[in-house]
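Structure, as structure tokens:
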Amino acid sequence: MCKTVNNSLFTIHYSLLTIITIWLDTRLKQDTHYSINKFILIIILTTLTGSMLPMDSLVLAQSPVTTKVDRDTIARNEQVTFTVTVSGDFLNIPNPNMSSLQDFVVVSSSVSTQVSIVNGEMSSQKVFIYRLQPLAEGVLTISPIEVIVGSRIHKTAPIEIEVLPDGTIITPPDTDSIPAESADTLIGQDFFVEAEISNQSPYLSEQLIYTFRIYQAIQFPPGQPDYQPPPFTDFWTSEIVEQPHYNTETAGRNYLVTEVNTVLFPANLGSLTIDPAGLVIPGGLLSPDIRLESKPITVDIRPLPENAPGNFSGAVGEFDIRASLSDVETKANEPVTLFIEIEGTGNVETLTEPELPDLANWRFFESQISTETHTDDGILSGIRTFERLVVPGRAGELEFPPIDFTYYNPHNEEYQTISTDPIPLTVIPDDSLPVSISIAAPDTDSGLSGEPVILDVQHIKAVPVSLSTTSGVSMGGWLFYISCWILPLFAVGLVYLFHSRQQRLKQDTAYARDQRAKRRAMKTLDNAKQSPTINEAGAAGKALLGYLADKLNTPVAGLTTTDLVKLLQSTQLSEDLVNRVNNLLLQIDVGRYAPLSAASDASISDETKQLINDLEKSLGKRR
Amino acid sequence: MKQLMGLCIGLMSLTLFTTSLVTAQDVGPTEAMLVANQHYEAGEYTDATHIYESIVAAGVQDNVLYYNLGNAYYKKNDLGRAILNYRRAQHLAPRDGDTAANLAVARLQTLDQLEKTEEGLLTNLVEVAEEWLTLTEALMWALILWLLICVLVIMAILSTKLRRVSLWGGAILGVFLLISLFSIGNRYYLQQTAPVAVIVAQDVDITSGPGSGDQYLIEFNLHSGAEVRVLESRPNWRRIALSGNDFQGWVPAEAVELVIVP
């Protein structure tokens, strides 16, 4: 609650200012020197007249100290803002003495100072703001506060505050703490506002215009007036940027009228109240702000008739619909863009996409939506565009069928259904498709004409006899696989070695005799043992000599024991073996010409075998 | 075995729910697939995909199963999963003409008609091999080539008359073997390092980092059915590349699925 506002003083203040301005303008036409000081003079006069505003009583006019509270009723758990303003030509103003407060405690405080010097005259204003917490319930008093200004002690008037119990809901005052004045009381005044609705009983979602008019008989004080629209909680809103201005005469005065229009679309049924809209006019240097409020408006929202067609989706207004495709010709299975535009007046921004025809073999992908709105004579109009990628699934001279759109026309009070024109589209076959794709009969229900080419995927397959549970190779499988790579390599190696040996046996006689020596000797001995007619000693001599001749690659014919021993010694065979060969050959010679007993024959044969084996080991290593 | 038992229990409830034609006692992977096929024939594609997916989840990896699953997804207009399952079927049976045809139809209807960039010789070889042979088949063919080469080498060793012909034949087969081994190696390497995947989300933004478009720049946009390669995997995010690796970026993990699940 403000204790210092006096509207009549405002009127005097601004009337005086206007008169002085007009007078100065007249003088300016006569004398250009006046232009230099015009602005300064206006400020001085404004200040002088503005300083008269707080004079709502003689006492306060004489006291430089004023107080106010933001409200006079609070709950126990709430706080009250207590403002102490000290004005005058003082430089040093000490803080008010708050020690006299008994029913309240100071929670927080702040201070602001404003000093101005005009033509050498200094004026200052210091504002102390305190947040006070009540200490009890009931009617409490903010005790008089002492403020020392200059050499005098000023006491403020006591202020009573009603403190209600905790949790009491108290309607909060205006945020600006400025009392609002209704339009009725202000008609004939310098400023007043009013609000109007274009239709008191619209249909649900029907477009309404909420008009807030600002009347001004004089110019606003410096500063931008602040329009505070109502919350419009039960409406979709869209503000119109244009603000028409015109002059009108009301209550014998000429006013400049500014309109602020807001487009509303009711979103709820029944009796809805639009709260008052406000306008805050900033004050002058020392004068407070002015808050003006319109009256609340009640609107009865009617439901739409119940006989809505099935495809009605809430559009209310007057609309037109168009559709087009981005191309007139395309390939089968290549996308083209379908544009659906709905244009008109009404709830354009909330329009939903019309239902597309149920077309077999056409595919539709997600939609992009854009909206453009504009106002004509205060009516909101616009275009809402829906873009979809569509893919024709067949080739031929096709026709995209009409798209239906239903809206409610509040002027005619009936549902209206409009449709797009059919859109021709030439779809050429896609050669890249595999030949095996099936060809099916045309779908007569789709409303499409043309040669069918590609319709569907191949049908599903029958269940196989057994279903595979693995797609890879097992560890055992891998081992077998690697073995399959290695084994042929071994085979190739073995074949190569065998073949090489065979070749050498064929080509290298010494090697062949060497490789076969033992086998031939053993065979000779075995044959002698098995045949009673053969002298074993003679056979042993033949075997041993043959063996050694093969090993030493020398002819057997003419080979004497002496020559043989010499040859063996040249091979660096051990002396022991050479002696054994020499002794055995001597024994064989004896046995050959002087028949021995059967036991002796067998002994010579065995000894020969043993010697050949020993020689094989030694000569084999040597080789 | 546990998986199959789980499949049976799952299908018991499913059959009760969908009032299918088989009894619970009869249900095995083959019988379940019969049920799924019947749902498909009846136009109940959602039920069909559920059953096919449960068979896959039980460990069955069969090209016919994947082919039918791809068809069911195609009928549900889920191009991404249709292509994914056609690719899986093709991985198991690359020479199946029906799979190739359906895959071609599905690919033509994707929004992202990605043009293939020029690839290297090895990559082309890999692609050709993938179109004709599974990796196992390719390995078997390589082994057969190796065995033939060994036989020819043995013939060259043993027969002087056939040595020249055998050696030339072995050399030619050796070149083929080397190419096939390179191809198999590269194919295996790509499967391990950059496996093929398919975008299954309807519409996904590819960002410059593993995060949403609020954190990183949106590089480009892909739609369901786009085939990509996964270069890197992080929790909840995958780094993908288009053909030729010219376009790369990150997608949420749930937006992309690998053709060959490791």
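All chains are named by letter (A, B, ...) in the order of the sequence lines, taking the proteins before the strands, and each is independently numbered beginning at 1.
A salt bridge does not link A/Lys461 to B/Asp62: none of the charged nitrogens lies less than 4.0 Å from a carboxylate oxygen.
The line from NE2 of A/His499 to CD1 of B/Ile154 is 12.5 Å long, rounded to the nearest 0.5 Å. In this structure, NE2 on B/His223 lies 7.5 Å from CG on A/Leu389, to the nearest 0.5 angstrom. With rounding to the nearest 0.5 angstrom, the CG atom of B/Leu143 is 8.0 Å from the CZ atom of A/Phe480. Rounded to the nearest 0.5 angstrom, B/Asn63 CG and A/Leu467 CG are separated by 9.5 Å.
Other residues, nucleotides and ligands contribute at most 12 non-hydrogen atoms within 6.0 Å of the CD atom of A/Glu355. For A/Phe312, the CZ atom sits in a packed shell: over 12 heavy atoms of surrounding residues, nucleotides or ligands are nearer than 6.0 Å. Around CD of A/Glu372, the count of heavy atoms belonging to other residues, nucleotides or ligands within 6.0 Å does not exceed 12. At most 12 heavy atoms of other shown residues, nucleotides or ligands fall within 6.0 angstrom of atom OH in B/Tyr188. Atom NZ of A/Lys523 sits in a sparse spot, with 12 or fewer heavy atoms from other residues, nucleotides or ligands closer than 6.0 Å. Heavy-atom neighbours of B/Arg95 CZ from other residues, nucleotides or ligands within 6.0 Å: above the threshold of 12. Sparse packing is recorded around OH of B/Tyr189, with 12 or fewer heavy atoms of other residues, nucleotides or ligands lying under 6.0 Å away.
For A/His459 against B/Tyr67, the heavy-atom pair with the smallest separation is O-OH, 2.8 Å. Nearest heavy-atom pair, B/Cys150 versus A/Leu489, reported as atom, atom and distance to 0.1 Å: SG-N, 4.5 Å. Counting all heavy atoms, side chain and backbone alike, B/Thr30 lies closest to A/Pro464 at CG2-O, 4.0 Å.
Classification of the B/Trp146-A/Trp485 ring pair by plane angle, with boundaries at 30° and 60°, yields parallel.
Looking at B/Ala142, the atoms closer than 4.5 Å to chain A (heavy atoms on both sides) sit in the backbone and in the side chain alike. If you measure heavy-atom distances from A/Ser466 to chain B, the contacts under 4.5 Å come from the backbone alone.
Under the 4.5 Å side-chain criterion, counting only non-hydrogen atoms from C-beta, B/Glu41 is in contact with A/Ile460.
Side chain of B/Asn71 to backbone of A/Gln458: a donor-acceptor contact under 3.5 angstrom is found.
Annotation: maximal heavy-atom pairing with chain A below 4.5 Å, among B/Ile149, B/Val153, B/Leu158, occurs at B/Leu158.
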Let me see the working for A/Tyr481 and B/Thr136 under side-chain contact (heavy atoms from CB on, under 4.5 Å), right down to the final yes or no. CA-CA 11 Å; A/Tyr481 183 77; B/Thr136 309; over 6 Å; no
